[in-house]
Amino acid sequence: MKEELTKLLAKQLESEVTENEIAKLIEIPPDEKLGDYALPCFALAKKLRKSPANIAEDIAKSILNESLIEKVQAVSGYLNIFIDRKWLSSKVLHLALDSHFGAGNFKETTVVEYCSPNTNKPLHLGHLRNMTIGESISRLLAYLGNKVYKTCVYNDRGVHICKSMLAYRDFGGGINPEEKNIKPDHFVGDFYVLFAQKAKEDDSYEKRAQELLQKWESGDTETVTLWKKMNEWAFAGFHDTFRLFGTSFDREYYESNIYKHGREVILKGLEQGLFKKLPDGAIVVDLTNKGLDEKVLLRSNGTSVYIVQDIYLAHLKAKDFSYDRSIYVVGNEQEYHFKVLKEILEILDTKVSGGIHHLSYGMVELPEGKMKSREGTVVDADDLIIDTSLLAEEEIRRRYQLTEEEVKERALKIALAAIKYQLLKTETGKNMVFNPKEAIRFEGDTGPYVLYSYARASSILRKADISISIEQWSANEHEARLLKKIYQFPDIVKLSSERLTPSTLANYTLELCQIFNEFYHECPVLRSEIAGQRLALVAAFRNVSGKCLELLGIDKIEEM
RNA sequence: GCGCCUGUAGCUCAGGGGAUAGAGCAACGGACUUCUAAUCCGUUGGUCGUACGUUCGAUUCGUACCAGGCGCGCCA
């Protein structure tokens, strides 16, 4: 955004200060009355052996006649710069009407793993935050020119899976989800809940789940058939939710396929002297020199612990994709796990470990506190989407006359925008409170606000009977504010992807829309003498806000 | 006990070595014969957890403390 300015200022300071240093210093003043950009000269004082005030004054004099400068003021050590309104209008419109505005050319191969559910429980609010982040970061990286593969690993085996199987076998009576008219993953989840109830009444029930696991591991036909059947129900349900929510995966991995293979990697490592064997036969890796603990990899009975399958999966992904980066979107409670994983991979193969990155996101809590399955306070993903959608339907019916089909389709998009935006706007790494009542609010700092702004812009363009004009004009304060905000978009995309925080983009998107709505109220477009230019500005806004929505994984609507 | 993270308005959250700390919600008051009022404008609301330190300058960086969250399995 400030390249031209940086170059210009660097030229004034000759070889004494680099462009990079200048770029870091340039800022946007707290009040736009002070200027569009500012250079605080305090840090330069020592180097140039001049007072900040003098530096500012000297630069001010020397750049006064540049074409992009409207005026400059040296104010108590700050160099305040006002950009020429004509230059601004022409510059920004040329850039922002391009459909590749802000796109990049990085060409790295990145694998993004996210969602990764257990097949014994339906998806919940936590998964939704995970999925919005995973989807958005994938889109951001792809927009910057990277090749992105989205992956998901299903935790489809283990004693917890056997629990729902056991309850179904004993109490399911051979019924299936269609007969009961329940979404299949919920159907499976209900038996997991039933298991917990039965286990409370009967102490031996836990043990029987363990026995079932042994049967499964030994390949018992009946058990494996039941396992397959229930997992297929779970997968069918998950895929419905993925479709509803608007996400998908390029490759799906199954824990049941990979959990055994890690052993070989560990044993090979032992041969190479990378790990050590304890007297009882357990194989461990010593990470104490990395400030971590000693970690068991293979138990004394020869079986592998959980992290071993992550070790194997990392190798598998490296083989499948030859990635430069491998991002794991997983909650912050697993930070230690991923630190350990990365260190172990570092010991085994730096090609695999090099690109490993844990994108840690914060937990989702409710206003009453944490979600607890025991207390039934878990917010189910499908229920949330459906409930929000119904509320959106009411709002639509109250305002517009549409067919039932149109109402439903639009309501779903608005509901998803509301949920996704709410989940994305809090800084990605931080815990957040999700208030379902606020998520279904359609005013203020919300997804629907952003959709509405976009639809407004679309509406103007639809109704215009003139064409846009990119001829420069002297933008007024509202137009200039919008132009400057649009101008920031490429920087925001870059920042958001560097920090792996879609929240950065989400917050920018809202600010952009706020400025557009101010402009909308203050500056009539079609009735204006510069209708062509304002229409171009609206088109630029529509392009950029639409891009923001796409990158956030939110479907646009042309009419609200 | 050790490690990581968080603490900003009544609530949910932005921001961030610099110029008077922002938004949304809530409360109150305004603006629809108008390109969509799911919008906009205004008022009220803050010792940026506390104390030291670094700095020309700290809410932002460092240390300590206080408060909250999470982690530290031969669980997954």
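Lettering of chains follows the sequences in order, A, B, ..., and the numbering in each one begins at 1.
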On the nucleotide [N], are OP1 or OP2 found under 4.0 Å from the side-chain N or O atoms that [X] carries?
X	N	answer
A:Tyr306	B:G73	no
A:Arg410	B:A38	no
A:Arg456	B:A37	yes
A:Lys430	B:G7	yes
A:Lys463	B:U36	yes
A:Arg399	B:A38	yes
A:Tyr449	B:C40	yes
A:Arg299	B:C75	yes
A:Ser459	B:U36	yes

Just to be sure I understand the rule, does [X] reach a base, reach only the sugar-phosphate, or reach nothing, if contact means heavy atoms closer than 4.0 Å?
X	result
A:Leu297	nothing
A:Asp31	base
A:Val433	sugar-phosphate
A:Cys523	base
A:Pro367	nothing
A:Leu451	nothing

Rounded to whole angstrom, note down the [atom1] distance from [N] over to [M].
N	M	atom1	answer
B:G71	B:G57	C1'	38 Å
B:C65	B:A19	C1'	32 Å
B:G10	B:G18	P	25 Å

| query | What residues, two or more places apart in sequence or in another chain, satisfy side chain to side chain contact (heavy atoms under 4.5 Å, CB included) together with A:Glu335? | reply |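 Only A:Asn332, A:His358, A:Ser360 meet the side chain to side chain contact (heavy atoms under 4.5 Å, CB included) criterion with A:Glu335.
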
| Under 3.5 Å, is there a donor-acceptor pair between the A:Tyr421 and A:Asp445 side chains? |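 Their side chains do contain a donor-acceptor pair, which is all the 3.5 Å distance test asks for.
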
| query | Which residue lies toward the 5' end of RNA chain B, A:Glu518 or A:Leu278, if each is placed at its nearest nucleotide? | reply |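 So the residue in question is A:Glu518.
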
| task | Starting from the 5' end of RNA chain B, give me the residue, A:Lys339 or A:Phe519, whose nearest nucleotide shows up first. | result |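 So the residue in question is A:Lys339.
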
| query | Which ranges of RNA chain B pair up as stems, where a stem means three or more consecutive Watson-Crick or G-U pairs with both distances under 3.5 Å? | reply |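 Expected stems, ordered by start: B:1-7 with B:66-72, B:10-13 with B:22-25, B:27-31 with B:39-43, B:49-53 with B:61-65.
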
| Check: A:Tyr78 ring centre within less than 6.0 Å of A:Phe42 ring centre |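 Ring centroids of A:Tyr78 and A:Phe42 are less than 6.0 Å from each other.
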
Salt bridge or not for [X] and [Y], using N-O below 4.0 Å?
X	Y	value
A:Arg410	A:Glu393	no
A:Glu394	A:Arg397	no
A:Glu477	A:Arg481	yes

| query | A:Tyr205: what forms a ring-ring contact (aromatic ring centres under 6.0 Å, His included) with it, not counting sequence neighbours? | reply |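 Applying ring-ring contact (aromatic ring centres under 6.0 Å, His included) to A:Tyr205 gives A:Phe195.
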
| said: Distance check, rounded to the nearest 0.5 Å: A:Leu505 atom CG versus A:Leu495 atom CG? | reply: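 With rounding to 0.5 Å, CG (A:Leu505) is 10.0 Å from CG (A:Leu495).
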
| query | Which one, B:G69, B:U36, B:C74, comes nearest to the side chain of A:Asn431? | reply |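 Of the candidates, B:G69 comes closest.
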
| query | Just how far, in rounded Å, is P of B:G57 from CD of A:Glu27? | reply |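 Nearest whole value for this atom pair: 18 Å.
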
